[in-house]
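Written below as structure tokens is the structure these notes are about.
The sequence lines fix the lettering, A, B, ..., with proteins before strands; numbering per chain opens at 1.
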2 protein chains.
Amino acid sequence: MNSHELRDFVYQQIARIGKAVSSPKRLELLDLLSQGEKTVELMALRSDMSVKLTSAHLKELRHAKLVETRKDGKYVVYSLANEDITALWLRLRALAENQYKEFSNTLNEQGRVVDDTSTLSFDQVFKKAKRGEIVLIDVRPRDEFAAGHFPFAQSIPLEDLKKRLSELPKNKEIITYCRGSHCLQANEAVKILKKRGFKAARLKEGVTDLYAQGLSLEKSTSR
Amino acid sequence: MNSHELRDFVYQQIARIGKAVSSPKRLELLDLLSQGEKTVELMALRSDMSVKLTSAHLKELRHAKLVETRKDGKYVVYSLANEDITALWLRLRALAENQYKEFSNTLNEQGRVVDDTSTLSFDQVFKKAKRGEIVLIDVRPRDEFAAGHFPFAQSIPLEDLKKRLSELPKNKEIITYCRGSHCLQANEAVKILKKRGFKAARLKEGVTDLYAQGLSLEKSTSR
DNA sequence: AGTTCATTCCAACAATTATTAGAATAACAA
DNA sequence: TTGTTATTCTAATAATTGTTGGAATGAACT
């Protein structure tokens, strides 16, 4: 390689990362994987893609070495290659939020409920949840809750929420959370809860943000 | 927007960043801009692209809000939108170095001379340069040196090196540096120097890396 | 061995992006 | 004004990527 080719090679290698994160669908897959390892089938379901298309995008991500696979019986289980990938995903998200006003505005308009809660630190929220002053609910799918969740949180996946309203108290504040500040499931939950007369708000941050702060999460198989 | 469209919107916005950094040429432009603001013309020259193509890629970067422009007479001067963009560029580069062995191997093979120097901290190198124990030379183009350079360094652009060998001592070690660990100009310089019997090595890091550590650089108009 | 099922490969087309050439704009200089 | 230079815009084509359907692979279970 002459110095010309070598220089091009350098930028090409770095662009491998860029290409991998240049597609909305692939970012969605990374987001899903940041919440825990998953099979192709499950990711296809969650992201409303065909299995084939999901597989194609995952191939691209594997080529860029952002994800890894392992076999479990008939299934191929995908996961992020390492913590740096979570960090990359978070940085891209944060950068988009800073640079694009239309993005952060949309997130805010869409019911990211900013009130007292958003100014509390994670620790404070966990303490309140421990003391029973608030109810902290994790609205992500059950498998993601199992892979890692906030302390003192209970799992009520968004799709089950309407059925399980009777489990929730009317007199306490209900705090919801999901994957992160970009994730809108917690907003949906707040909308539903407020409509039925509950006191509800969402945590601005979610699981990914907590990973970013180097905190570890509780794992469990059920709850 | 329904929740489906909204979710897609979120990932699309983040993918704007990804798209911007998915092309080797655009990464090269970001790299150039990380060394100081530049006109379209100059960037086209440095990157061996046509002015038109350079302009087209810059348009893309502007659309993603990674770069900004200002007018200076007839010229349009481009610069990175903020420090976060430098940080992004560095993170992508570091990630590529970690994930792709063929990348880091190539960098090493191509004469990134790893010896005593690479284990010295920046501070130590600067002190040695100050005391005259080593000669620290910046092989980047003159304008980039002027925009910010290491303390106690002198500017000898790579293209002038052969003409200016008489300025350099044979008995002292000559340490070269350029943009960063991915930049190969310092390697070229070391090759040239060693061939002529000088004691030479390169700093593993370069200017971008120092920015990443939050250190500030000296600016000057000449030297 | 045969069956099942998840996943990948292959081929085709649609959609997007990269690149080049020529025209248009905008600032400066005379 | 006119001419000059830098830059961007428009249009066209080449190259790449996204997407879908059908066939093939390959591991696990019976």
Side-chain angles (χ1 to χ4, degrees), chain A residues 4 7-9 11-30 32-33 37-79 143, chain B residues 4 7-9 11-30 32-33 37-79 143:
Chain A
H4 217 149
R7 199 183 57 184
D8 289 347
F9 174 79
Y11 294 114
Q12 270 163 27
Q13 293 304 305
I14 303 174
R16 280 170 74 179
I17 310 267
K19 281 211 181 94
V21 297
S22 67
S23 143
K25 303 258 165 98
R26 285 196 286 272
L27 287 170
E28 183 165 5
L29 294 175
L30 288 178
L32 286 169
L33 289 177
E37 56 176 29
K38 290 186 175 56
T39 63
V40 178
E41 195 185 28
L42 183 56
M43 282 187 271
L45 183 71
R46 294 267 162 85
S47 61
D48 296 304
M49 287 192 265
S50 72
V51 172
K52 282 173 190 172
L53 185 54
T54 307
S55 178
H57 280 302
L58 285 169
K59 187 182 172 185
E60 191 73 19
L61 289 173
R62 225 173 354 148
H63 172 250
K65 303 205 177 167
L66 300 190
V67 304
E68 287 174 351
T69 58
R70 95 185 149 74
K71 280 218 88 168
D72 180 19
K74 306 194 239 192
Y75 295 87
V76 177
V77 181
Y78 280 78
S79 56
D143 63 294
Chain B
H4 217 148
R7 197 183 59 183
D8 289 347
F9 174 80
Y11 294 114
Q12 270 163 29
Q13 292 304 305
I14 302 173
R16 281 170 73 180
I17 311 266
K19 280 209 183 98
V21 297
S22 67
S23 143
K25 304 256 164 101
R26 286 198 285 274
L27 287 170
E28 183 164 7
L29 294 175
L30 288 178
L32 286 169
L33 289 177
E37 56 175 31
K38 289 186 175 57
T39 63
V40 178
E41 196 184 27
L42 184 55
M43 281 187 274
L45 183 70
R46 294 267 162 84
S47 62
D48 295 304
M49 286 191 263
S50 72
V51 172
K52 281 172 190 171
L53 184 55
T54 307
S55 179
H57 279 302
L58 286 168
K59 187 182 173 186
E60 191 72 19
L61 289 172
R62 226 176 349 151
H63 170 252
K65 304 207 177 165
L66 299 190
V67 305
E68 288 175 348
T69 59
R70 92 184 152 76
K71 281 216 87 165
D72 180 19
K74 304 193 246 193
Y75 296 86
V76 177
V77 181
Y78 280 79
S79 56
D143 63 292

Only pairs under 3.5 Å count here: list side-chain donor-acceptor contacts from residues 38-48 of chain A, not counting sequence neighbours, and write none if there are none.
residue	atom	partner	partner atom	Å
K38(A)	NZ	L32(A)	O	3.1
K38(A)	NZ	G36(A)	O	3.4
K38(A)	NZ	E144(A)	OE2	3.2
T39(A)	OG1	L42(A)	N	3.2
R46(A)	NH1	D143(A)	OD1	3.2
R46(A)	NH1	E144(A)	OE2	3.4
R46(A)	NH2	D143(A)	OD1	2.6
S47(A)	OG	M43(A)	O	2.7
D48(A)	OD2	H4(B)	NE2	3.1
D48(A)	OD2	R7(B)	NH2	2.9

Identify every side-chain donor-acceptor pair in residues 56-79 of chain A under 3.5 Å, counting partners at least two apart or on other chains, and give the distances.
residue	atom	partner	partner atom	Å
H57(A)	ND1	R26(A)	NH1	3.2
R70(A)	NE	E37(A)	OE1	3.4
R70(A)	NH2	E37(A)	OE2	2.5

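Note: K25(A) NZ to L30(A) CG = 14.5 Å, rounded to the nearest 0.5 Å. Rounded to the nearest 0.5 angstrom, S22(A) OG and I17(B) CD1 are separated by 12.5 Å. Rounding to the nearest 0.5 Å places CZ of R16(A) at 10.0 Å from NZ of K19(A). From K52(B), atom NZ reaches atom OG1 of T54(B) across 11.5 Å, with rounding to the nearest 0.5 Å.
Between S50(A) and D72(A), it is S50(A) whose nearest contact on DNA chain D lies nearer the 5' terminus.
Rounded to an integer number of Å, the gap from L53(B) CG to dG22(C) P is 16 Å. As a whole-Å value, the separation of R16(B) CZ from dT16(C) P is 17 Å. Atom-to-atom, CD of Q12(A) to P of dA18(C) comes out at 14 Å; the value is rounded to the nearest Å. K19(A) has its NZ atom 18 Å from the P atom of dT16(C), to the nearest Å.
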Might you list the N or O atoms of the protein lying below 3.5 Å from N or O atoms in nucleotides 7-14 of chain C, with each pair's distance?
residue	atom	partner	partner atom	Å
dT7(C)	OP1	V76(A)	N	3.1
dT7(C)	OP1	V76(A)	O	3.3
dT7(C)	OP2	E41(A)	N	3.3
dT8(C)	OP1	Y78(A)	OH	2.8
dT8(C)	OP2	S55(A)	OG	2.4

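Along DNA chain D, read 5' to 3', the first and last nucleotides having any atom under 4.0 Å from a heavy atom of chain A are dT17(D) to dA28(D).
Summary of helix geometry: the two end axes of the helix from dA1(C)-dT30(D) to dA30(C)-dT1(D), each defined by five base pairs via their C1' atoms, are inclined to each other by 30° (rounded to 10°).
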